[in-house]
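Down below is the structure, laid out as structure tokens.
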Amino acid sequence: MNKVYDTPATALDGLLFDGMTIMSGGFGLSGNPESLIPEIRKSGVRDLTVVSNNAGADGFGLWMLLESRQIAKMVSSYVGDNKLFEQQYLSGELQLELTPQGTLAERIRAGGAGIPAFYTKTGAGTVVAKDKPVEVFDGEEYIRETWLRADLAIVKAWRADPSGNLMFRKTARNFNPVMATAGKVTVAEVEEIVAPGDFDADCIHTPGIYVDRIVRSTINEKRIEKLMTRAREHE
């Protein structure tokens, strides 16, 4: 089945509704579905719960949905480098479920694998454990974490074939592969669409069975989040 759509807008057609949960791939500025996010903003859908490692950075990525006040709750592991995210949380305008980064990744993976809950030592004895069941294994306390699933997962990949098999490039292979498995519907924006059979099967990071729609990305800024330089040494 050909899953390729002509534009980011048509790839999201019929999928968006108020109060939905969206998973959005990316880590910092790497691997953000930067062509799909503006279309979600244009749709005007509101009261969103968004699961993402962070909420983009000032003026980029999910920041756009924060700025338009379309997000009611974030499930994230990192607030830094996004002043708007920080301001909305501290003012009480935005709900935040702050989750340790590894735990966030595992909760998403568990959602895709059909595992409702698991135990981890991360966060035991801290505010992270508040209101969560605690059990002792080998004399150590572990807290129970629950899976994360979404109505829609939006991810960004490097290459796809018409069946939805995806390849990610370098750091963009962050939260994107696990999120692709945990959405009721997964839409992937990709830089390149190749012919069927062009992929070596061993190079496929996400099998097409997890991907419902594909669209060629229209925005590929690839910003540098923190540019670090040093003076050139002269002989």
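FYI, side chains are in, hydrogens and waters are out, and symmetry mates aren't considered; it's all heavy atoms of this structure. Values in this document were obtained by computation on a predicted structure and should not be read as measured data.
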Exercise. For the side chain of Thr120 and the backbone of Thr122, is there at least one donor-acceptor N/O pair under 3.5 Å apart?
Worked result: yes
Exercise. Is the closest side-chain heavy-atom distance between Val75 and Thr49 below 4.5 Å?
Worked result: yes
Problem set entry | Side chain proximity check, Leu96 to Phe85, heavy atoms < 4.5 angstrom | yes
Problem set entry | Backbone N/O of Val211 and side chain of Lys3: donor-acceptor pair under 3.5 Å | yes
For this session: Start with the C-alpha distance between Ser77 and Asn53, add both sets of side-chain angles, then the distance that settles side chain to side chain donor-acceptor pair (under 3.5 Å), and finish with yes or no.
Result: CA-CA 5 Å; Ser77 69; Asn53 179 66; 2.5 Å; yes
Problem set entry | Heavy-atom pair with the smallest gap, counting every atom of Thr10 and Thr7 | OG1-O, 2.9 Å
Seminar exercise, completed: To the nearest 0.5 Å, atom NZ of Lys156 lies from atom CD of Glu34 at 3.5 Å
For this session: Would you kindly say whether Ser76 and Asn54 are connected by a side-chain donor-acceptor distance under 3.5 Å?
Result: no
For this session: Check for a donor-acceptor pair, side chain of Glu67 on one end and backbone N or O of Leu84 on the other, with a separation under 3.5 Å.
Result: no
Exercise. Taking it one step at a time, do Val136 and Glu141 satisfy side-chain contact (heavy atoms from CB on, under 4.5 Å)?
Worked result: CA-CA 4 Å; Val136 176; Glu141 286 191 348; 4.2 Å; yes
For this session: Decide yes or no for Val155 and Pro33: does some side-chain heavy atom of the first lie under 4.5 Å from some side-chain heavy atom of the second?
Result: no
Problem set entry | Beyond-backbone contact of Val128 with Pro100, side-chain heavy atoms, under 4.5 angstrom | yes
Exercise. How long is the span from the CG atom in Leu16 to the CG atom in Asp151, to the nearest 0.5 Å?
Worked result: 10.0 Å
Exercise. Which heavy atom of Ser217 sits nearest a heavy atom of Glu189, and at what distance?
Worked result: CB-OE2, 3.3 Å
Exercise. Counting distance only, does the side-chain N/O of Thr186 pair as donor-acceptor with the main-chain N or O of Ala182 below 3.5 Å?
Worked result: no
Seminar exercise, completed: Between Ile71 and the options Arg69, Met74, Lys73, the side chain to side chain contact (heavy atoms under 4.5 Å, CB included) test singles out Met74
Exercise. Are any of the side-chain heavy atoms of Thr21 and Val51 separated by less than 4.5 Å?
Worked result: yes
Seminar exercise, completed: Rounded to the nearest 0.5 angstrom, the CG-CE distance for Leu152 and Met20 is 4.5 Å
Seminar exercise, completed: In this structure, CG of Asp198 is separated from CD of Glu192 (nearest 0.5 Å) by 10.5 Å
Exercise. Taking the side chain as C-beta and beyond, is there a heavy-atom pair between Leu48 and Ile40 under 4.5 Å?
Worked result: yes
Exercise. Any chance OH of Tyr89 has more than 12 other-residue heavy atoms, nucleotides or ligands included, within less than 6.0 Å?
Worked result: no
Seminar exercise, completed: For Lys121, the side chain to side chain donor-acceptor pair (under 3.5 Å) test, sequence neighbours excluded, returns Glu140
Exercise. With distance as the sole test, does Arg107 use its side chain to make a donor-acceptor pair with the main-chain N or O of Thr146 at under 3.5 Å?
Worked result: yes
Exercise. So, Gln88 side chain and Glu93 main chain: donor-acceptor pair closer than 3.5 Å or not?
Worked result: no
Problem set entry | Test log, rule side-chain contact (heavy atoms from CB on, under 4.5 Å), inputs Leu36 and Val215 | CA-CA 9 Å; Leu36 292 168; Val215 65; 4.2 Å; yes
Exercise. Would you say Val194 and Met167 are hydrophobically clustered, going by side-chain heavy atoms of ILVMFWY under 4.5 Å?
Worked result: yes
Seminar exercise, completed: Rounding to 0.5 Å, atoms CD1 (Ile115) and CH2 (Trp147) come to a distance of 9.5 Å
Exercise. Are Val45 and Val185 grouped together when hydrophobic residues (ILVMFWY) are joined by side-chain heavy atoms under 4.5 angstrom apart?
Worked result: yes
Problem set entry | Side-chain donor/acceptor of Ser35 to backbone N/O of Thr218, under 3.5 Å | yes
Exercise. According to a 4.5 Å side-chain heavy-atom criterion applied to Ile, Leu, Val, Met, Phe, Trp and Tyr, with indirect links allowed, do Leu65 and Phe17 form part of one hydrophobic cluster?
Worked result: yes
Exercise. So, for Ser24 and Ile37, which heavy atoms are closest and what is the spacing to 0.1 Å?
Worked result: OG-CD1, 4.0 Å
Problem set entry | Main-chain N/O of Ala157 paired to Asn176 side chain as donor or acceptor, under 3.5 Å | no
Exercise. Does Lys83 pair with Glu86 as a salt bridge, N-O distance under 4.0 Å?
Worked result: no
Exercise. With a 4.5 Å heavy-atom cut-off, do Ile214 and Val190 have their side chains touching?
Worked result: yes
Exercise. When rounded to the nearest 0.5 angstrom, what distance separates CG in Leu104 from CZ in Phe175?
Worked result: 4.5 Å
Problem set entry | Sidechain N-carboxylate O distance under 4.0 Å for Arg46, Asp18 | no
Seminar exercise, completed: Contacts satisfying ring pair (Phe, Tyr, Trp, His ring centres under 6.0 Å) that involve residues 42-84 (not counting sequence neighbours) are none
Problem set entry | Shortest non-hydrogen separation from Ile219 to Pro38 and the atoms involved | CD1-CG, 4.2 Å
Problem set entry | Pairs involving residues 127-139, ordered by first then second residue, that meet side chain to side chain donor-acceptor pair (under 3.5 Å) (sequence neighbours left out) | Tyr119-Glu135, Lys132-Glu145
Exercise. Do Asp161 and Pro196 come within less than 4.5 Å of each other through their side chains, counting heavy atoms only?
Worked result: no
Exercise. If Ile, Leu, Val, Met, Phe, Trp and Tyr residues are connected whenever their side-chain heavy atoms lie under 4.5 Å apart, and connections chain through other members, are Trp158 and Tyr5 in the same group?
Worked result: no
Exercise. Checking Arg173 side chain against Phe168 main chain: does a donor-acceptor pair fall under 3.5 Å?
Worked result: no
Problem set entry | Exercise: identify the closest heavy-atom pair between Asn82 and Leu66 | ND2-CD1, 4.1 Å
Exercise. In terms of hydrophobic clustering (I, L, V, M, F, W, Y; side-chain heavy atoms under 4.5 Å; direct or indirect links), are Met23 and Met64 co-clustered?
Worked result: no
Problem set entry | Check: Phe27 main-chain N/O paired with Ser30 side-chain donor or acceptor under 3.5 Å | no
For this session: Quick one: closest heavy-atom pair of Gly123 and Ile143, and the distance?
Result: C-CD1, 4.2 Å
Problem set entry | Basic-acidic side-chain contact under 4.0 Å: Arg169, Glu191 | no
